[in-house]
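Quick note: numbers below take in every heavy atom, side chains included, and nothing from hydrogens, waters or symmetry partners. Counting from 1, the numbers follow the sequence of the chain as shown.
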Amino acid sequence: AAALAQSPQLLLADDPLTQLTPSHARAYAEVLLAEQKKHNFAMIYAAQNVESAKLLNCDVAVLKNGKIVEQGPVAHLMVKPQQAYTQALFRVVASRAKEVAAQIGRNASRGGALLQVRNVKLVSQPKSSREPLNFELRRGASLALIGEKGSGRHTLARVLLGLDPVATGQVIFDLVDIGILAEPMMAHMRRRVAFVTGDDEALDSRMTIYDTVAEPLRANLHAPRDVMAQNRDAALKRVGLAALDGNTGVASLSIFDKRRLQVARAIVSAPSLVVVDEPLRGLDAFAQSVIIDLLRTLREQEGPALLLITSDFGLARAFCDDAMVFKGGAVIERGPIPAMLRAPKELHTKKLIDAVAAAPANGLPPAPAQV
């Protein structure tokens with residue numbers, strides 16, 4: 001609003017879409033394109049993420065080391081990129097679009113129930129919508145908690161991990177009612193859960209790379225030092241961090257390296273459950289493709305159950321079989337993700353699904369911006 005008040009002929013946008021949820025980003029892009037059509041200004045958009053270019057449906061100039069390596073309409077570059085660097089940038093978008101029908105872990109073996117939720121009512125749920133929750137997450141299976149900030153998805157996740165109390169009901173982890181566990185036993189249970197989050201403050205900035213990855217081995221297995229070093233080094237190699245000095249402090253790492261370090265820490269912990277919370281937040285397209293590949297490999301090789309917290313249906317359909325959609329502190333829809341994609345029952349679910357679409361709902365903009 002402040003920029004448009006100046007009646008500009010040229011608008012410079014420093015990637016305002018990248019930190020928004022998909023539905024908010026799409027709404028923002030539609031407003032931006034509508035204002036551009038109305039006021040007829042040119043726009044240069046500095047994009048960290050290819051998704052922003054898709055939403056704006058614009059011409060793209062791909063830069064590497066200060067030079068333009070390829071340029072053209074975003075639709076053309078998505079289909080026929082000529083340069084290897086451009087292919088890497090667009091790979092994450094293409095792979096997520098293709099995974100509507102081919103979801104990760106669909107052929108994985110399913111064991112008994114790892115997590116059971118029985119007649120649970122959340123303290124934060126509006127009284128009018130406090131229908132008890134009943135579901136289970138089987139070993140090796142996957143569940144997405146989908147919603148925007150403040151929707152209630154994190155509230156349920158904290159209840160499932162015993163961090164917050166439930167109003168009524170039971171949460172059973174591996175046949176044990178966590179509501180009756182004393183804190184020492186609860187802490188022991190949480191050691192079987194690994195976390196990969198978009199909040200890099202989850203890592204202790206005072207620790208080194210080696211200590212961060214080896215800590216689950218020390219806490220869980222009390223393994224000999226040489227065994228811990230062997231597993232630690234193997235995990236760092238899998239995520240591409242083996243070349244770094246292991247005594248480097250976490251605080252000095254980039255966002256991308258911190259995110260990979262979280263995956264390495266999850267690998268060595270051999271978890272029964274992995275909780276993944278907006279893992280792509282703040283990453284560029286290339287880094288996103290790497291993290292998706294690492295999480296895919298983690299699921300395939302270690303075989304844990306997966307609990308994904310996200311606002312992005314595109315990410316959910318890539319990793320999960322089933323989903324619960326949250327709004328206003330309550331679950332408004334749940335079921336298999338393919339069924340939701342075909343015929344969402346709730347308008348809010350449809351809004352979240354539509355936000356993953358390749359272009360704004362109003363079609364091609366009359367005057368494409370320059371990225």
Side-chain angles (χ1 to χ4, degrees), residues 91-92 95-96 98-99 102-111 114-115 137-145 157 160-161 173-174 190-200 202-203 209-210 212-217 219-221 223 228 230-242 244 250 253 255-283 286-310 312 314-323 337:
R91 185 182 303 128
V92 62
S95 63
R96 286 167 68 181
K98 292 177 181 177
E99 285 171 337
Q103 298 171 21
I104 302 305
R106 191 165 293 283
N107 296 323
S109 60
R110 299 289 185 263
L114 175 67
L115 191 64
L137 180 64
R138 304 182 74 81
R139 298 179 188 277
S142 53
L143 174 66
L145 308 182
L160 297 180
L161 298 173
F173 185 89
D174 201 10
R190 292 195 194 106
R191 290 173 186 169
R192 299 172 59 193
V193 181
F195 298 88
V196 179
T197 83
D199 178 11
D200 296 296
L203 296 175
I209 292 174
Y210 279 164
T212 299
V213 179
E215 195 274 335
L217 294 171
N220 299 356
L221 303 179
M228 285 196 297
Q230 182 179 359
N231 284 273
R232 176 201 68 200
D233 294 345
L236 288 171
K237 183 177 181 180
R238 273 178 58 178
V239 301
L241 294 177
L244 296 182
V250 170
L253 299 179
I255 293 176
F256 180 36
D257 287 346
K258 288 180 180 178
R259 211 65 53 85
R260 287 190 287 172
L261 190 62
Q262 289 191 52
V263 179
R265 182 181 168 90
I267 289 171
V268 301
S269 64
S272 301
L273 172 66
V274 176
V275 178
V276 181
D277 185 2
E278 299 289 12
L280 308 183
R281 182 187 300 150
L283 299 178
F286 176 78
Q288 287 186 20
S289 68
V290 173
I291 295 301
I292 287 175
D293 286 344
L294 291 177
L295 290 173
R296 176 186 292 117
T297 303
L298 171 64
R299 284 211 65 202
E300 290 174 349
Q301 296 192 14
E302 275 66 40
L306 177 74
L307 188 68
L308 173 67
I309 305 171
T310 185
D312 187 344
L315 190 63
R317 71 191 180 193
F319 282 99
C320 296
D321 305 315
D322 301 298
I337 290 180

Holding to side chain to side chain contact (heavy atoms under 4.5 Å, CB included), I want the full list of residues that pass it with Pro271, two or more places apart in sequence or in another chain. Ala194, Ser269, Val274, Pro304
Residues passing the side chain to side chain contact (heavy atoms under 4.5 Å, CB included) test with Ala235, sequence neighbours excluded, are Val213, Ala264, Ile267, Val268
Report yes if the side chains of [X] and [Y] come closer than 4.5 Å at any heavy-atom pair, otherwise no.
{"X": "Leu273", "Y": "Leu137", "answer": "yes"}
{"X": "Phe195", "Y": "Asp277", "answer": "no"}
{"X": "Pro279", "Y": "Val263", "answer": "no"}
{"X": "Asp233", "Y": "Tyr210", "answer": "yes"}
{"X": "Leu306", "Y": "Phe319", "answer": "yes"}
{"X": "Leu143", "Y": "Asp321", "answer": "no"}

Report the C-alpha separation of Glu302 and Arg238 in whole Å, then their side-chain angles, then the decisive distance to 0.1 Å, and conclude whether the salt bridge (Lys or Arg N to Asp or Glu O under 4.0 Å) test is met. CA-CA 13 Å; Glu302 275 66 40; Arg238 273 178 58 178; 3.0 Å; yes
Could you grab the distance from atom [atom1] of [X] to atom [atom2] of [Y], nearest 0.5 Å is fine?
{"X": "Leu308", "Y": "Ser142", "atom1": "CG", "atom2": "OG", "value": "8.5 Å"}
{"X": "Leu217", "Y": "Gln230", "atom1": "CG", "atom2": "CD", "value": "11.0 Å"}
{"X": "Gln301", "Y": "Arg296", "atom1": "CD", "atom2": "CZ", "value": "12.5 Å"}
{"X": "Thr310", "Y": "Leu280", "atom1": "OG1", "atom2": "CG", "value": "7.5 Å"}

For Asp199, which residues count as a salt bridge (charged side-chain N to carboxylate O under 4.0 Å, His left out) partner, sequence neighbours excluded? none
Considering residues at least two apart in sequence or located in another chain, which fulfil the side chain to side chain donor-acceptor pair (under 3.5 Å) criterion with [X]?
{"X": "Thr212", "result": "none"}
{"X": "Arg232", "result": "none"}
{"X": "Asn231", "result": "none"}

Looking at Ile209, Val196, Val239, which one forms a side chain to side chain contact (heavy atoms under 4.5 Å, CB included) with Leu261? Ile209
I'd like to know if the side chain of Gln288 and the backbone of Leu283 have a donor-acceptor N/O pair within less than 3.5 Å. yes
Are any side-chain N or O atoms of Gln262 and backbone N or O atoms of Thr197, one a donor and one an acceptor, separated by less than 3.5 Å? yes
Exactly one candidate in Arg259, Lys258, Arg281 meets side-chain hydrogen bond (donor to acceptor under 3.5 Å, both in side chains) with Asp200; the answer is Arg259
Tell me whether the guanidinium CZ or amine NZ of Arg260 lies under 6.0 angstrom from the six-membered ring centre of Phe256 and within 45° of its axis. yes
